[in-house]
2 protein chains.
Amino acid sequence: MGTERYATPDAETVAAVVGEALHEGAIVTAEVRCEVEYDGRTSGYLGPGDRLLVAKPDGTFLVHKPANHKPVNWMPSGGTVTADVAAASGEPVIVARRSNPRERLEVRVHETYGLTRFDAADGVEYEESGTEAEMHDYIEAHPEELEEGLRVVEHERETKYGYVDFYASDASGTPVVIEVKRVQATLTHFDQLKRYVSLYDDTGDVRGMLVAPAASERVKRACRDAGLEFVALPDFETEADGTNASLADFS
Amino acid sequence: MGTERYATPDAETVAAVVGEALHEGAIVTAEVRCEVEYDGRTSGYLGPGDRLLVAKPDGTFLVHKPANHKPVNWMPSGGTVTADVAAASGEPVIVARRSNPRERLEVRVHETYGLTRFDAADGVEYEESGTEAEMHDYIEAHPEELEEGLRVVEHERETKYGYVDFYASDASGTPVVIEVKRVQATLTHFDQLKRYVSLYDDTGDVRGMLVAPAASERVKRACRDAGLEFVALPDFETEADGTNASLADFS
DNA sequence: GTGTTTATTTCGGGG
DNA sequence: CCCCGAAGTAAACAC
């Protein structure tokens, strides 16, 4: 679509552009010197400095410092962003609010180096491969990769202690509780499997299986000690459908 | 400091400005129509659409869609961002790389609506209150809020299974392992406490206490079944020192 | 560097 | 709405 740029805009322009743009579905970015105050799940204060502000029409608001992936302050989508001119100082004040949880982010703008309205059109969704969900699909289709004769009885079985990834049955009919991880297994993952298996402690023989590409010796030992099994599934075929476009010739 | 703005810059300008600005410690933002391809921990593809790009001098790179708090694609700090003109298409291509884990993000820019260089100066750190660390301080100062006669023996006790928040002793001298959460307790928090308590299983009577503002019924039941205790600590006084500056008169 | 834990986690899925 | 668990989690901190 396109952008509209305001260089060193005055307070009234900042308030007007932010309000209109968001209302009309555009993204607003601003390079400013500002102070920030947050009050909600915690509370905090950020003294004067140069930051990049991003406001999206869905209520998302971000305050970025010159370093780090995460914004120093923010409001997730679903809230409302308003911009006004403070009566006392004559400076722009941007407030992002939200309920559940009730929280409030106030940005007092001391200097606006620049302001950009971006009418962005983007109906395309991100397509991802190699997720844990795909690993689940693969296991459901190829349970024998984990063990000869294994049969999946239920996927994502709900129990009173949470959701079991797979409830299965081995060649001799013994139930097997399976927890799947896409990354190297950790003690927390072992804990999780142990929690599920403990449900069946009194009902007799149940096996517990932790499936991951790898696990540290510590985790393997913990499994052995607890009578659980670690099964390495280092790689799994992605059920590629070949319909995804792709950028050619990586360098 | 200030900004420099380039409206609908050509490919050579994009490549040059991005390279120079990042090298000289400035933030670059760009409003573009682009495709994105990621390959690393997973892999993914984002088809053509309008996005906001943010590149920081520390190697952080963000691709934002018009909605949501989280960038649709990104590279955390520590990597390197390079910009070039693709020989085949003549279009700008921005590549962010990183090792450990090895990953790569490629943005093929089809149209550049605008490009901004922002020389930001920000030496100020964010000051936060109401964190879990402050909740620890409060409990250490007021253990009787959890239980009459409770005495803290050790804070952040290291064990072979990680750090126990508090190792305490009740009125009758029985050891109590305490896990503290600032948010509503979840099953993973229960797991964590259970893991710590299991360390002392063979040494005799040890109590396990999960402290949080609230917990779901499922978590409370898991605690009961496992012989652990949930203690609700809905609110705690912040030890305000009053030294933090603050924005006045909230509306 | 690995390992563990927190986080204003965000996000999505299911009941 | 809440509950639960994944995430390309990131970032801090200890070893």
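Just so it is clear, the values below take in all heavy atoms, side chains as well, and ignore hydrogens, waters and symmetry mates. As the structure is a prediction and not an experimental result, all values here were calculated from the model. In what follows, every chain begins at residue 1, and chains take the letters A, B, ... in the order their sequences are listed.
Counting only heavy atoms from C-beta on, B:Glu128 has its side chain closest to C:dT8 among C:dT8, C:dT6, D:dG8. Set against C:dT8, D:dG5, D:dA14, the side chain of A:Tyr163 has D:dG5 as its closest nucleotide. Comparing C:dC11, D:dA11, D:dA7 by their closest approach to the side chain of B:Pro76 singles out D:dA11. Closest approach to the B:Val219 side chain among D:dC15, D:dG8, D:dC4 is made by D:dC4 (side chain taken as heavy atoms from C-beta onward). Distance from the side chain of B:His69 is smallest for C:dC11 among the nucleotides C:dG3, D:dA11, C:dC11. Taking only side-chain atoms of B:Met75, from C-beta outward, the nucleotide of C:dT10, D:dA11, D:dG8 with the closest atom is D:dG8. Taking only side-chain atoms of B:Glu132, from C-beta outward, the nucleotide of D:dG8, C:dT6, C:dC11 with the closest atom is C:dT6.
Look at A:Arg218 and you'll find a side-chain N or O under 4.0 angstrom from OP1 or OP2 of C:dT4. The side chain of A:Arg195 contributes an N or O atom lying less than 4.0 Å from OP1 or OP2 of D:dG5. Distances shown here put every side-chain N or O of B:Asn73 at or beyond 4.0 Å from the OP1 or OP2 atom of D:dG8. Contact check, A:Tyr45 against C:dT8: no side-chain N or O comes under 4.0 Å of OP1 or OP2. Between B:Trp74 and D:dT9, a side-chain N or O to OP1/OP2 separation shorter than 4.0 Å is absent. Contact between the side-chain N/O atoms of B:Lys181 and the OP1/OP2 oxygens of C:dT6 is found at a separation under 4.0 Å. For the OP1/OP2 pair of D:dC3 and a distance below 4.0 Å, the side-chain nitrogens and oxygens of B:Arg221 include no atom meeting the criterion. When the side-chain nitrogen and oxygen atoms of B:Arg41 are compared with OP1 and OP2 of D:dA10, one or more of them lie within a distance under 4.0 Å. In terms of phosphate contacts, B:Gln192 brings a side-chain nitrogen or oxygen within less than 4.0 Å of OP1 or OP2 of C:dT6. Taking side-chain N and O atoms only, B:Tyr196 has a distance below 4.0 Å to OP1 or OP2 of C:dT5.
Across all strands, A:Gly40 comes closer than 4.0 Å to no nucleic acid atom at all (heavy-atom distances). Note on B:Glu156: nothing from the nucleic acid sits closer than 4.0 angstrom, heavy atoms only. Within 4.0 Å of A:Arg102, counting heavy atoms only, lies no atom of the nucleic acid at all. Using a 4.0 Å heavy-atom distance criterion, B:Glu217 is classed as making no nucleic acid contact. Backbone-only contact: A:Leu187 has heavy atoms under 4.0 Å from sugar-phosphate atoms and none from a base.
Along DNA chain C, the nucleotide closest to B:Val180 and the one closest to A:Thr60 are compared, and the more 5′ of them pairs with B:Val180. Annotation: of the two residues near DNA chain D, B:Val72 and B:Gln184, the 5′-most nearest-nucleotide partner is B:Gln184. Each of B:Ala133 and A:Ser216 was matched to the nucleotide of DNA chain C holding its nearest heavy atom; the match closer to the 5' end belongs to A:Ser216. Each of B:Thr188 and B:Ser77 has a nearest nucleotide on DNA chain D; the 5'-most of these lies closest to B:Thr188.
Side-chain contact, A:Tyr138 with A:Glu134: no donor N or O sits under 3.5 Å from an acceptor N or O.
Here the options are A:His110, A:Arg51, A:Arg108, the test is side chain to side chain donor-acceptor pair (under 3.5 Å), and the partner is A:Glu35; only A:His110 passes.
Look at A:Arg98 and A:Glu103 and you find a salt bridge, because one of the NZ, NE, NH1 or NH2 atoms lies within 4.0 Å of a carboxylate O, short of that distance. Here A:Asp191 does not pair with B:Lys194 in a salt bridge; the nearest charged N to carboxylate O distance is not below 4.0 Å.
In A:Arg41, the CZ atom is crowded: over 12 heavy atoms of neighbouring residues, nucleotides or ligands sit closer than 6.0 Å.
Here the closest non-hydrogen pair linking A:His189 and A:Glu179 is O-CG, 4.4 Å.
For the P atom pair drawn from D:dG8 and D:dC4, the interatomic distance equals 23 Å after rounding to whole Å. Comparing the P positions of C:dT4 and C:dT8 gives a spacing of 22 Å, expressed to the nearest Å.
Classification of the B:Phe190-A:Tyr161 ring pair by plane angle, with boundaries at 30° and 60°, yields tilted.
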